[in-house]
Amino acid sequence: MAKIFHRLVTPEEALKMVEKEVGELKPLGVEDVTVYEAVGRVLAEDVFSPIDSPPFDRSEVDGYAVTARSLYGAEEDNPVLLRVIGRSTVGVMPSVEVREGEGVEIDTGAPLPRGADSVVMVEYTRRRGKLVEVFRSVVPGENVAQVGSDIVIGDVVLRRGTMITPREVAVLASIGRNRIKVYRRVTVGIISTGNELVAPGRPLKPGKIYDSNSYAIYSMVKEVGGLPTILGIVRDRYEEMVRLIERGLELFDVVITSGGTSAGPGDLVYRVVEKLDGGKLIVHGLRMKPGKPTLIGIAKGKLMFGLPGFPVSAMMAFQVVVKPILMRLMGATEEVYSTLSAKLPMRIEGARGRRRYVPVSLVEASGEYRAYPLLGSSGSITTLSMADGFIVVPENVQFLEEGEMVTVTLFSQSIRPADLVYIGSHCPAVELLFELMGRPHVKIINVGSTAGWKAAIRGEADVAGTHLLDEDTGLYNTPFLKRFGGAEKVILVRGYSRLQGLLVAKGNPKGIRGFEDLLREDVRMVNRVKGSGTRVLIDSKLRELARKTGLHFDELTARIKGYEYEAKTHSAVAAAVAQGRADVGVSLMYYAKLYNLDFVPVGEEIFDFVMPKDRLEKPAIKKMIATLKSEKFKAELEQKLPGYKAFKESGEIIEAQPGKCRS
Ligand code: AMP
Ligand code: MG
């Protein structure tokens, strides 16, 4: 029986529903820890200072403690002579008293002697035995930190609910605290559900996938200050689930599962909740995208979260509903998230009635941030590794317009700046390039050739990889300098060529030789998505074939089995052939080797780099160009990547030069 999501609720409504069920979400307890163990914990007491800080008037510099009146009128060419009557060093209260015409030698941090009101820096003095010449006057209070100027006795220095960072630790230690009360950490048991799951570290059998959610959830719980424990993978079996979840609820404050929450017949978690001891489903379905099939339940008086199976959905649902609840259970009253504002470089659609959460990668351009939407599917793991945070498209908004300012909620407290931002088409040779460049910190956003061009023209990418074929001229990349209107802003740098061809099973059992074989009854192909460079190539070859056979193009493609099946990536093509779902597909020779397939060459395509002119002086870009030109790169390219060839002009600017493929 398939479950229908009757009432989707917003994350805020979900929080209210939870509180209605379990009462106000309060900290679970208080414990006493040493100050140096308190980082990442939430303070459970208001901290008052038992002392003044500094506890005595002290010198901030090395020099001479004086009364300011003694040095009145002292100048470079009119020094004042003082009698040195003693010395004040750190850790000891001095017993001397300073009068007019006298000075006491004093160290940084040492107590000011009686009678002194200021300190003249040693740099403005010259010692002459028992006397000292002073070349500058001072004002009363100069270079002196007065008692309590930092903290006054009885002051509240830190408030309950504060998240303790190294800065708070320093404050606590400076007022003499060595132990402190903090809220107890929430203990969390983590369970992954699904017959297809295998724990990382084990071999992967056909049809299985690695369990990434347990590990991601573990880390997120840890990041918010909780104490996670992985309870393992449970099969899609009702009784097993009930048993493991009940065990988790006995041992931990909260249980988080992933998978099995959607409306499919194999998805059991919501039914399991109601079978648990005292179990009740509080929320089933969030008005958000991704993350809709999320549930919150209560059993044995404890909270249980069922997150969706798709990794991106699970992560988003955690950020949006689980994190705020865990934080409240640990007493954090501060803002849970860090945000910043950024400009949106492309239009994004809303989710019709659901609030859409879009992971973004941040890129800096002309002093402001651009938030690049990472629009991979919810199953895409790389989406997450590229994401700095997410933006929200409200439920009642149809789309956010290109150029609009948006608020980015950061996944972590900091974002890492990149030496080089690469946006564009994916290519394994780019990795080799970065390796030979000495592994700069790069941000790679694979959005395809066309989006790469646009990003470079807008100045968001330092470099964009492109392999676009202009069917009319048969030229790669160069015609697009004019077509995309970027000739003033960007240059094109010659890259290398990649051999494209037909990927077939090892030994070529069907004897496939060329595109005409696609018309055979016993041959099934795997196509590529429209707009990809490879699809342009496939269709131009098929048009050629149509002319030869006298068939109309549509007639021809209608006869080709698998023409409708559009793979998004090179490796999806190779995998389809390797797994026997197709007999042939067009891809790079490199992928044929990677998947141990046979290869029938079709032609070479050219992969070039678009760079904004104002980046050419950037160290990482200079290095990239030098590397492209280097013999080492050219040699390793051809040796490590089958089917790749460098050009004599690799690394040269090729604005108007032809880029015809060598086939
Ligand atoms: P489900 O919600 O169980 O229908 O799963 C939705 C998708 O997420 C399926 O493709 C699952 O294979 C995948 N998935 C479920 N659990 C995990 C997990 N722990 N790690 C990675 N992927 C998962
Ligand atoms: Mg499942």
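Every value quoted in this text rests on a predicted model; they were computed, and no experiment measured them. Indexing begins at 1, ligand by ligand and atom by atom, following the structure's order.
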>> With the threshold set at under 4.0 angstrom, would you say Gly194 reaches ligand 1 through any of its heavy atoms?
In response: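 In this structure, Gly194 fails to qualify as a contact of ligand 1 - no heavy atom is under 4.0 Å.
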> When rounded to the nearest 0.5 angstrom, what distance separates NE2 in His426 from OG in Ser571?
Replying inline: 7.0 Å
Would you check the N or O atoms of [X], main chain and side chain alike, for any that come under 3.5 Å of an N or O of ligand 1?
{"X": "Thr261", "value": "no"}
{"X": "Phe310", "value": "yes"}
{"X": "Gly309", "value": "yes"}

>> Do Tyr372 and Asp388 pair up side chain to side chain, a donor and an acceptor below 3.5 Å, judged on atom types alone?
In response: no
>> For Val358 versus Pro373, what's the shortest heavy-atom pair and its separation?
In response: CG1-CB, 3.8 Å
>> Treating Arg347 as the side-chain partner and Glu402 as the backbone partner, does any N or O pair qualify as donor plus acceptor under 3.5 Å?
In response: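 Not a single qualifying donor-acceptor pair exists.
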> Would you find a donor on one side and an acceptor on the other, under 3.5 Å apart, between the side chain of Thr257 and the backbone of Ser192?
Replying inline: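 Pair absent, no side-chain N/O of Thr257 close to backbone of Ser192.
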> In terms of the angle between their ring planes, are His284 and Tyr270 parallel, tilted or perpendicular, with boundaries placed at 30° and 60°?
Replying inline: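 The arrangement is parallel - the two ring planes meet at less than 30°.
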> Parallel, tilted or perpendicular for His467 and Phe607, by the 30°/60° rule?
Replying inline: parallel
> Do Asp583 and Arg524 meet the salt-bridge criterion of a basic N to acidic O distance under 4.0 Å?
Replying inline: no
Check each atom of ligand 1 against the heavy atoms of [X] and keep those under 4.0 Å away; list them by number with element.
{"X": "Ser192", "value": "19 (N)"}
{"X": "Gly260", "value": "1 (P), 2 (O), 3 (O)"}
{"X": "Gly259", "value": "2 (O), 3 (O)"}
{"X": "Ser262", "value": "4 (O)"}
{"X": "Glu196", "value": "11 (C), 12 (O), 15 (C)"}
{"X": "Tyr210", "value": "20 (N), 21 (C)"}

> Among Ile233, Ile209, Thr257, which one has a heavy atom closest to atom 22 (N) of ligand 1?
Replying inline: Ile209
